Amino acid sequence: YRAEGLADRLGVAPRLLRRVFRDVFGIALKTWLVEVRSVEVRHRLRGLESISEIAESVGFSHAKELSREFHKIYRVTPTEFRLRERRVSQGAGSS
């Protein structure tokens, strides 16, 4: 989930990858990676991992960074999202 890791896997320099990504897709690589991480976070928040564990495993430096970036995209904190998802799943099971 980091530009350097992706560039390494592709066998190109991170700077080149960033430039080509922007030119081809019209979005900054960093922005795209944050969005990809946030989708993964959404999925994992439905499980039992702590937010700190999720943050570390998807490449955020700490839970606060994850929370800030997640909120920018989804307009709720990871904790709020998790609570809402649990309420929804409990409601679905009570039918």
Side-chain angles (χ1 to χ4, degrees):
Y1 295 108
R2 296 205 174 271
E4 292 74 16
L6 184 56
D8 188 48
R9 291 183 74 183
L10 295 171
V12 299
R15 184 174 170 198
L16 174 63
L17 178 61
R18 287 182 185 99
R19 190 182 78 230
V20 170
F21 200 92
R22 165 129 1 240
D23 292 348
V24 172
F25 298 109
I27 185 173
L29 178 59
K30 181 178 180 179
T31 301
W32 181 77
L33 286 170
V34 167
E35 290 176 9
V36 169
R37 282 190 250 169
S38 294
V39 170
E40 177 68 13
V41 168
R42 268 180 49 146
H43 174 73
R44 293 173 77 168
L45 284 170
R46 293 179 177 109
L48 300 175
E49 287 177 280
S50 74
I51 293 172
S52 293
E53 290 170 328
I54 295 169
E56 182 180 330
S57 68
V58 299
F60 288 103
S61 32
H62 45 75
K64 193 174 240 181
E65 180 189 15
L66 180 156
S67 186
R68 183 180 59 246
E69 296 299 332
F70 191 89
H71 190 271
K72 282 181 191 175
I73 294 171
Y74 298 111
R75 298 293 180 223
V76 294
T77 67
T79 301
E80 291 167 339
F81 179 85
R82 175 175 268 172
L83 291 171
R84 186 175 63 197
E85 288 296 303
R86 286 183 179 162
R87 281 194 300 268
V88 168
S89 67
Q90 289 172 352
S94 63
S95 301

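None of these values were measured; they are calculated from a predicted model.
In this structure the side chain of Arg68 never reaches within 4.5 angstrom of the side chain of His71, judged on heavy atoms. Using a 4.5 Å heavy-atom threshold, the side chains of Thr31 and Glu35 count as touching. The shortest side-chain heavy-atom distance between Leu83 and Arg87 falls under the 4.5 Å cut-off. Using a 4.5 Å cut-off on side-chain heavy atoms (C-beta onward), Val39 and Arg42 make no contact. Proximity of Val12 to Val20: side-chain heavy atoms (C-beta onward) are nowhere separated by under 4.5 Å. Residues Pro14 and Arg18 meet the side-chain proximity criterion, which asks for heavy atoms closer than 4.5 Å.
Minimum interatomic distance between Arg2 and Ser61 (heavy atoms only, all atoms of both residues): NH2-N, 4.2 Å. Residues Leu33 and Ala3 come closest through the heavy atom pair CD1-N, 3.4 Å.
The line from CZ of Phe60 to OG of Ser38 is 4.5 Å long, rounded to the nearest 0.5 Å. Annotation: the span from Ser52 atom OG to Glu56 atom CD amounts to 8.5 Å, rounded to 0.5 Å. Here the CD1 atom belonging to Ile73 is positioned 9.5 Å from the CZ atom belonging to Arg37, to the nearest 0.5 angstrom. Rounded to the nearest 0.5 angstrom, Leu29 CG and Leu17 CG are separated by 5.0 Å. Taken to the nearest 0.5 Å, the CZ atom of Arg82 stands 5.0 Å off from the CZ atom of Arg86.
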One pair to check against side-chain contact (heavy atoms from CB on, under 4.5 Å): Thr79 and Leu45. What are the steps and the verdict? CA-CA 8 Å; Thr79 301; Leu45 284 170; over 6 Å; no
Test Val76 against Phe70 for side-chain contact (heavy atoms from CB on, under 4.5 Å), laying out the working first. CA-CA 7 Å; Val76 294; Phe70 191 89; 4.1 Å; yes
Step-by-step ring-ring contact (aromatic ring centres under 6.0 Å, His included) determination, Trp32 to Phe21: CA-CA 9 Å; Trp32 181 77; Phe21 200 92; 5.3 Å; yes
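Residues satisfying the side-chain hydrogen bond (donor to acceptor under 3.5 Å, both in side chains) test with Arg44, not counting sequence neighbours, are Glu49, Ser57. Partners of Glu53 according to the salt bridge (charged side-chain N to carboxylate O under 4.0 Å, His left out) rule, which considers only residues two or more places apart in sequence or in another chain, do not exist here.
If you chain together hydrophobic residues whose side chains sit under 4.5 Å apart, Leu48 and Leu66 never meet in one group.
Although no hydrogens or angles enter the test, the distance criterion places no donor-acceptor pair under 3.5 Å between the side chain of Arg46 and the main chain of Glu85.
Surrounding CD of Glu80 are more than 12 heavy atoms belonging to other residues, nucleotides or ligands, all under 6.0 Å away.
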